[in-house]
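Only one structure is covered here, and it is reproduced in the block below.
Throughout, protein chains are lettered first and strands after them, A, B, ... in sequence-line order, and every chain is numbered starting at 1.
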Amino acid sequence: MAAQLWALVWRDLWARLRDRSALVLGLLAPAALIAVFSLTAEGPTQSDLEVGFVSETASVVEAGNETPVALAIREGALSSLEAAGTVAVTDYGDRGALVAAIEDGDIGAGIVVTGNDPATVEVVQDSDAVVSGAILGAVADSSAAAVDGIGRALGAEMILGVESSSPEALQQRFQALTAEGEGAITIADAGDTADGAVGGIDLKTQLAAGMATFFLFFTVQFGVLGLLEEQRQGTLTRLLASPVPAWQILLAKLLVSFIVGVASMACLIAFSAILLGAEWGNLLGVAVLVVAGVLAAVSTITLVVGLAETPEQAGAIQSMLALVFGILGGSFFSLARSGGLASTISVLTPHFWFGEGLVQLSGGQSWTAALGPAGAMLIFAAAVGLPGLLLAGRTVRP
Amino acid sequence: MSSSSSFDSIVAIVKANMIRLRNERSNLFFLVVLPLMIVFALGLAIGGEASSNLVGVVDPAPTEAGQAVLDAVEDIDNVTVRRYESAQELRDEIARRAVDVGWVAEPGQNGAVTLRWYATAGEGFRLREIVENTARTMNVERQVVQLVTEDAGVDEATAETALAEAAAFVEPTKVDRTTTGDPENDPANIRAVLAAGQLTLFIFLSSLVGASYLLSTRLLGVTRRTRAGPVPVSAIIAGEGLSRFLVALLQAGIVFFGSWFLFGVDWKAPWAVLALSVGMALVGSGGAMLLGTLARTDQQVSAIGLLLGLVLAALGGSMQPLQFFPDALRRVAFVTPHAWMNDALWRILVDGEGFAQIWPSVAVLAAAGTVLLGVASLAMARSLR
């Protein structure tokens, strides 16, 4: 009996291998898209934020004795941002040159310091350079606050009769306090690595998983959909007349869909991991997700075949479902970022849960982390697949 | 064979194709619902709020200091703040890349607060600079009090009084902000660019998938039988080509007007966008004729149609604007017709250019389309002989 079953499965699998469209939809198309996406995911060459600086105070104060706030900004804050690789600073001769550079698009924003005692700090930004503008704004604020604070401390110490008080000494001790993080607000890294980063799913893996699951819903057609094709060609009637039990015919088609789906997912995971550096996480966990995901996809096509009358109709409905699920489930772009209703609806798709499983596995979690999301996919598979089996079962009734 | 009856044959073939298109109800989904649904969903997912830097905040017991940092961050144009109940919830959102960075505020003694910082791996440190500088600004007050109490050996209250007195003599540094230029990346522009990408994608994809009509006409022998009648090969080719072209134009019209009327997309220079669409429709119909002539089965048409339709669109900047591509890949992208159209659309929608500037792109598309149609016609003529 098992021999008959495998004969049926083998015959179909062989036919699918020879008909290249299964290879195109199951392997070539998703692999090509994964490759393109993993290239575009790197984004434009990340250059430092280009910013500018001018101090027009040099004429007011003695040479080599710059206004404190200009020094605090240029030598302090901007230099350390430059050292950290966040910004690249260009110095300009006067405000006009800096503004012209912003208008030409050479820099996004700049700081102009004018006057002395008190100095005026102007943050000039292009309306699109929101990040540069906000960074320079925050830098200007903190530098001005520090210089003013030291000035007031000096005044207060004079009032209180502290004789040893000097601006340089106060400045140094102030910086030491800042470095110690002394104050009302402390920022502490809380993620998994030094910079507070949370070991989540990386963009490449997210995109690869999206494409693999999106095409999975097309790939599993090659199997169950064959019931309708064989019905039309008349080969199904002949099969039913043979001593092969009807349930075996249905099971064989289901197995073909399942095997094609698992093979496609396995190849795509291997492809993206080995050639493109996607990080899928614990292999056993990924295997659990793949099996649950393929079962969800096979259930869908089974219900579709049960409801449809012609293979064309079934193919069209399955394509529609694959597209709608893919879009809602975040195969192409994540609706999770939009918040609101859209991110709630996406929870209804197996695509979402496959991705969620990878999120849970990310950061080196054990395979059991995938069980919850896999369970969600199995619930989907049961809810869709059981009525599907009943309906598709009618097709193989003699 | 008079030219008028040749014309009648072309009209008859086109008409038959259009009736088939109308009769297949799934076309309502693939040509109308699907593209507009994607334009809508993209607007949700990437346009508007989602395009900004998303910051998650957990702050169960708000403090003045914590609020000050939050205000500073909320003031930035492209930052959206979301509230979460627990650190775990925030962590999960960051892990699934639904939020970029965030912090959990933990109140300490005397109104102090510790911000526990979380970030998506490799991102968000620029926002961190802003938060750190804001914190520095907020911390100055306490730090100078500490300096004065230590130096003068007085208690905090005395130091604070002396500092307040000194403030009368120290004129504070003024910080001004000036913004120049018109905003380009406003959400409406981004939504238009996203809709534009779909316009390009669907003109080409729907054309290719529509090649199955041509194929089934061929497989069923209709084409051969038409040939047996007094209809010249050229009329059959023209009729089929024109049918594919009209379907491509129809798809263009649906995305163009649908996203305009339903989602308020501003096409800026509508005639230039339409000219590009016509160019792309030529490319699409050429590709469809070629595919419909060379393919052997319906499955092949839909598999190859989907493959080329999606891969070329992804490479050509329909799913992510070319401007966000790595530099080298952006140059490679121009092997696809999509990149020519998407690049011109970006210039229309973001840079404010018009037909006068983008006509070379229309010319490239029209030329590519004409060549493809020519090759396809030759291939079809051979297959009919």
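Both the backbone and the side chain of V123(A) have a heavy atom closer than 4.5 Å to some heavy atom of chain B. Interface residue V124(A): backbone and side-chain heavy atoms are both found under 4.5 Å from chain B. Heavy-atom distances place the side chain of I102(A), and not its backbone, under 4.5 Å from chain B. Contact of I327(A) with chain B is made through the side chain alone, with heavy-atom distances under 4.5 Å. Of the atoms belonging to F174(A), heavy atoms from both backbone and side chain fall under 4.5 Å from chain B. Proximity to chain B is limited to the side chain of E356(A), based on heavy atoms less than 4.5 angstrom apart. Within the 4.5 angstrom heavy-atom criterion, no atom of Q313(A) approaches chain B. The contact between L28(A) and chain B is made by backbone and side chain atoms together, counting heavy-atom distances below 4.5 Å. With a threshold of 4.5 angstrom between heavy atoms, A314(B) approaches chain A through its backbone and through its side chain. There is no contact between V113(A) and chain B, counting heavy-atom distances below 4.5 Å.
Residues E103(A) and T180(B) bring no donor and acceptor atom of their side chains to less than 3.5 Å of each other. Under the 3.5 Å distance criterion, with hydrogens and angles disregarded, no donor-acceptor pair is assigned to the side chains of Q300(B) and S21(A).
Note: V140(B) leads V69(B), V140(B), V131(B) in heavy-atom pairs under 4.5 Å with chain A. Taking chain B as the reference chain and counting heavy-atom pairs below 4.5 Å, the highest number among L33(A), L358(A), L154(A) is found for L33(A). Residue with the most contacts toward chain A among V170(B), D151(B), L163(B): D151(B) (heavy-atom pairs, distance under 4.5 Å). In terms of heavy-atom pairs under 4.5 angstrom with chain B, the leader among G155(A), A188(A), G200(A) is A188(A). Taking V154(B), D92(B), L34(B), T63(B) one by one and counting their heavy-atom pairs under 4.5 Å with chain A, the maximum is reached by L34(B). The most heavy-atom pairs under 4.5 Å with chain A, out of R116(B), Q109(B), E64(B), R25(B), come from R116(B). Your options are A164(B), A333(B), A112(B), G108(B), and the one with the most heavy-atom pairs under 4.5 Å with chain A is A112(B).
M211(A) CE to L310(B) CG: the interatomic distance, rounded to the nearest 0.5 Å, is 7.5 Å. Distance check, rounded to the nearest 0.5 Å: OG of S80(A) to CD of E129(B) gives 7.5 Å. We find the CE-CZ distance between M319(B) and F37(A) to be 4.5 Å, quoted to the nearest 0.5 Å. Taken from CZ in F325(B) to OG1 in T40(A), the straight-line distance is 5.5 Å, to the nearest 0.5 Å. Distance check, rounded to the nearest 0.5 Å: CD of Q299(B) to CG of L225(A) gives 8.0 Å. If you take CD on E157(A) and CD on E150(B), they are separated by 10.0 Å, rounding to the nearest 0.5 Å.
For the pair K174(B) and E122(A), the salt-bridge criterion is not met [side-chain N within less than 4.0 Å of a carboxylate O].
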N/O donor to acceptor pairs below 3.5 angstrom from side-chain atoms of residues 133-153 of chain A, sequence neighbours left out:
{"from": "D141(A)", "atom 1": "OD2", "to": "R177(B)", "atom 2": "NH2", "distance (Å)": "3.2"}
{"from": "S142(A)", "atom 1": "OG", "to": "A138(A)", "atom 2": "O", "distance (Å)": "3.4"}
{"from": "S142(A)", "atom 1": "OG", "to": "V139(A)", "atom 2": "O", "distance (Å)": "3.2"}
{"from": "S142(A)", "atom 1": "OG", "to": "N133(B)", "atom 2": "OD1", "distance (Å)": "2.8"}
{"from": "S143(A)", "atom 1": "OG", "to": "V139(A)", "atom 2": "O", "distance (Å)": "2.8"}
{"from": "D148(A)", "atom 1": "OD1", "to": "T173(B)", "atom 2": "N", "distance (Å)": "3.3"}
{"from": "D148(A)", "atom 1": "OD1", "to": "T173(B)", "atom 2": "OG1", "distance (Å)": "2.8"}
{"from": "D148(A)", "atom 1": "OD2", "to": "T173(B)", "atom 2": "N", "distance (Å)": "2.9"}
{"from": "R152(A)", "atom 1": "NH1", "to": "E141(B)", "atom 2": "OE2", "distance (Å)": "3.4"}
{"from": "R152(A)", "atom 1": "NH2", "to": "E141(B)", "atom 2": "OE1", "distance (Å)": "3.4"}

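Heavy atoms of other residues, nucleotides or ligands lying less than 6.0 angstrom from CZ of R20(A) number 12 at most. Within 6.0 Å of CZ on F30(B) lie more than 12 heavy atoms contributed by other residues, nucleotides or ligands.
For the pair L306(B) and F215(A), the minimum side-chain heavy-atom distance is below 4.5 Å. Put simply, the side chain of L177(A) reaches to within 4.5 Å of the side chain of L147(B), judged on heavy atoms.
In this structure, R97(B) contributes its side chain and I201(A) its backbone to a donor-acceptor pair below 3.5 Å.
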**S319(A)/F29(B) under side chain to side chain contact (heavy atoms under 4.5 Å, CB included): CA gap, chis, key distance, verdict** = CA-CA 10 Å; S319(A) 304; F29(B) 175 84; over 6 Å; no

**Message:** Walk me through whether T186(A) and V113(B) qualify under side chain to side chain contact (heavy atoms under 4.5 Å, CB included).
**Reply:** CA-CA 6 Å; T186(A) 317; V113(B) 66; over 6 Å; no

**Message:** Show, in sequence, the C-alpha distance, side-chain angles and deciding distance for R136(B) and T178(A), and conclude whether the side chain to side chain contact (heavy atoms under 4.5 Å, CB included) test is met.
**Reply:** CA-CA 7 Å; R136(B) 244 173 243 159; T178(A) 307; 3.7 Å; yes

**Message:** Run T120(A) and D176(B) through side chain to side chain contact (heavy atoms under 4.5 Å, CB included) and show every step you take.
**Reply:** CA-CA 8 Å; T120(A) 300; D176(B) 297 334; 3.6 Å; yes

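For D298(B), the side-chain contact (heavy atoms from CB on, under 4.5 Å) partners two or more places apart in sequence, or in a different chain, are S212(B), L215(B).
The nearest pair of heavy atoms linking A152(B) to L160(A) is CB-CD1, 3.8 Å. The heavy-atom pair separating V24(A) from I304(B) by the smallest distance is CG1-N, 4.4 Å. Residues A32(A) and V311(B) come closest through the heavy atom pair CB-CG2, 3.6 Å.
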